[in-house]
Enquirer: 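Got a structure for you, questions after.
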Amino acid sequence: DHLPALYTDALETKTGDHLPDLNAALKELEPMIYSKEFCSEGGFSYDDIDLWSRLRSISLVKGAEFPKGVKDYMDYHEKAGDVPLYWNMQI
């Protein structure tokens, strides 16, 4: 196995506990994103770099539900930055 026992145990026993909160937070985030290109009205900023990198990490989580506006934002920045999301590596 490629994951230490601590991570494996958490993945197997805790994901279900936290997934509903994660999905609720993603739903809450959607109306806060200004457009698929920018998270805030002022245009592209460090906030976009920070938000996209966090969302990219969450794309690794199997069962995470990304509302359309959040997914559109993620897909736009995946292409614009030429940095793939983790959809095909979800655990």
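FYI, side chains are in, hydrogens and waters are out, and symmetry mates aren't considered; it's all heavy atoms of this structure. Being a predicted model, the structure only gives us computed values, none of them experimental.
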Enquirer: Listing request: all side chain to side chain donor-acceptor pair (under 3.5 Å) pairs with a residue in residues 15-29, at least two apart in sequence or in separate chains.
Expert: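 Found none.
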Enquirer: Which atom pairs, one a donor and one an acceptor, fall under 3.5 Å between side chains of residues 76-85 and the rest of the protein, sequence neighbours left out?
Expert:
{"residue": "H77", "atom": "NE2", "partner": "E37", "partner atom": "O", "Å": "2.9"}
{"residue": "E78", "atom": "OE2", "partner": "L85", "partner atom": "N", "Å": "2.9"}

Enquirer: Does any pair with a residue in residues 38-52 pass salt bridge (charged side-chain N to carboxylate O under 4.0 Å, His left out), and if so which ones, sequence neighbours excluded?
Expert: D50-R54
Enquirer: Please round to the nearest 0.5 Å and tell me the distance separating atom CE of M74 and atom CD1 of I33.
Expert: 9.0 Å
Enquirer: Can you tell me how far CG of L55 sits from CH2 of W52, rounded to the nearest 0.5 angstrom?
Expert: 9.0 Å
Enquirer: Hydrophobic cluster membership, with links at side-chain heavy-atom distances under 4.5 Å among I/L/V/M/F/W/Y: are L29 and I49 in one?
Expert: no
Enquirer: Taking all atoms of both residues into account, what is the closest heavy-atom pair of F44 and F38, and its distance?
Expert: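 Result for this residue pair: N-CD2, 3.0 Å.
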Enquirer: Please report, to 0.1 Å, the donor-acceptor pairs under 3.5 Å made by any side chain of residues 59-70, with sequence neighbours excluded.
Expert:
{"residue": "S59", "atom": "OG", "partner": "R56", "partner atom": "O", "Å": "2.6"}
{"residue": "S59", "atom": "OG", "partner": "Y86", "partner atom": "N", "Å": "2.9"}
{"residue": "K68", "atom": "NZ", "partner": "D72", "partner atom": "OD2", "Å": "2.6"}

Enquirer: Side chains of C39 and Y73, heavy atoms from C-beta outward: is any pair under 4.5 Å?
Expert: yes
Enquirer: Can you name the salt bridge (charged side-chain N to carboxylate O under 4.0 Å, His left out) partners of K36, sequence neighbours left out?
Expert: none
